[in-house]
Amino acid sequence: MLSGSAIAQLSPATLAYIGDAVFELYIRTYYLLPPQRLHSYHNLVVTCVRAETQAEYLNSLQPYLNDLEAEVVRKGRNAAHGSPKRLNPKIYQQATSFEALMGYLYLTNPQRLAELLDKLKLD
């Protein structure tokens, strides 16, 4: 794992980069049971990891965030530059913020990450 000083050097975009992978792995693991065809897994995962859904997840977690987590979200929002043409820039910013939060907590406090992930309504 990285030290606290090393994590502090990471940009919000870098936190979002790792957070994207962490969240997708969480969602893939969540939907492993009951066993399904790969195509079904893929459809379930894509529904959860798309930007619009991540923005909804972020909004649902806002009341539970402490000041430090809210600051990571704010920095993540400001790190989102440009957006896909099909996507509202505000949604893209929220999704990037969500991913930055996931990455930050994965690196600093996995127990807190698990607590927040448990609050998501995935079904």
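Reckoned from all heavy atoms, side chains included, excluding hydrogens, waters and symmetry mates.
With a 4.5 Å cut-off on side-chain heavy atoms, Leu105 and Leu117 do not count as touching. Using a 4.5 Å cut-off on side-chain heavy atoms (C-beta onward), Tyr31 and Leu122 make contact. Between Pro35 and Leu33, the closest side-chain pair of non-hydrogen atoms falls below 4.5 Å. Between Thr14 and Ser11 there is a side-chain heavy-atom pair separated by less than 4.5 Å. No side-chain heavy atom of Leu101 sits under 4.5 Å from any side-chain heavy atom of Leu15.
Hydrophobic cluster of Val46: no remaining members, since no ILVMFWY side chain lies below 4.5 Å from it. Hydrophobic side-chain contacts under 4.5 Å tie Tyr41 into a cluster, directly or through other members, with Leu32, Leu38.
Residue pairs meeting the side-chain hydrogen bond (donor to acceptor under 3.5 Å, both in side chains) criterion with at least one partner in residues 93-104, sequence neighbours excluded, are Gln54-Glu99.
Scored by the side chain to side chain donor-acceptor pair (under 3.5 Å) test, Glu115 finds Arg112 as partners (sequence neighbours excluded).
Leu10 CG to Tyr17 OH: the interatomic distance, rounded to the nearest 0.5 Å, is 12.5 Å. Note: Leu44 CG to His39 NE2 = 10.0 Å, rounded to the nearest 0.5 Å. To the nearest 0.5 angstrom, Leu2 atom CG is 5.0 Å from Ile7 atom CD1.
Residue Ser40 comes nearest to Gln36 through the heavy atom pair CB-OE1, 3.3 Å, listed as atom of the first residue, atom of the second, then distance. When all heavy atoms of Ala79 and Ala13 are compared, the closest pair comes out as CB-N, 4.0 Å. Across all non-hydrogen atoms, the minimal contact from Asn43 to Thr47 is O-OG1, 2.9 Å.
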Residues 55-65, side-chain donor-acceptor partners within the protein, below 3.5 Å, at least two apart:
from	atom 1	to	atom 2	distance (Å)
Asn59	ND2	Ala55	O	3.3
Ser60	OG	Tyr57	O	2.8

Hey, can you pull the donor-acceptor pairs under 3.5 Å for the side chains in residues 21-28, sequence neighbours left out?
from	atom 1	to	atom 2	distance (Å)
Glu24	OE2	Arg28	NE	3.0
Glu24	OE2	Arg28	NH2	2.9

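In this structure, Glu69 does not pair ionically with Arg74, as no charged nitrogen and carboxylate oxygen lie closer than 4.0 Å.
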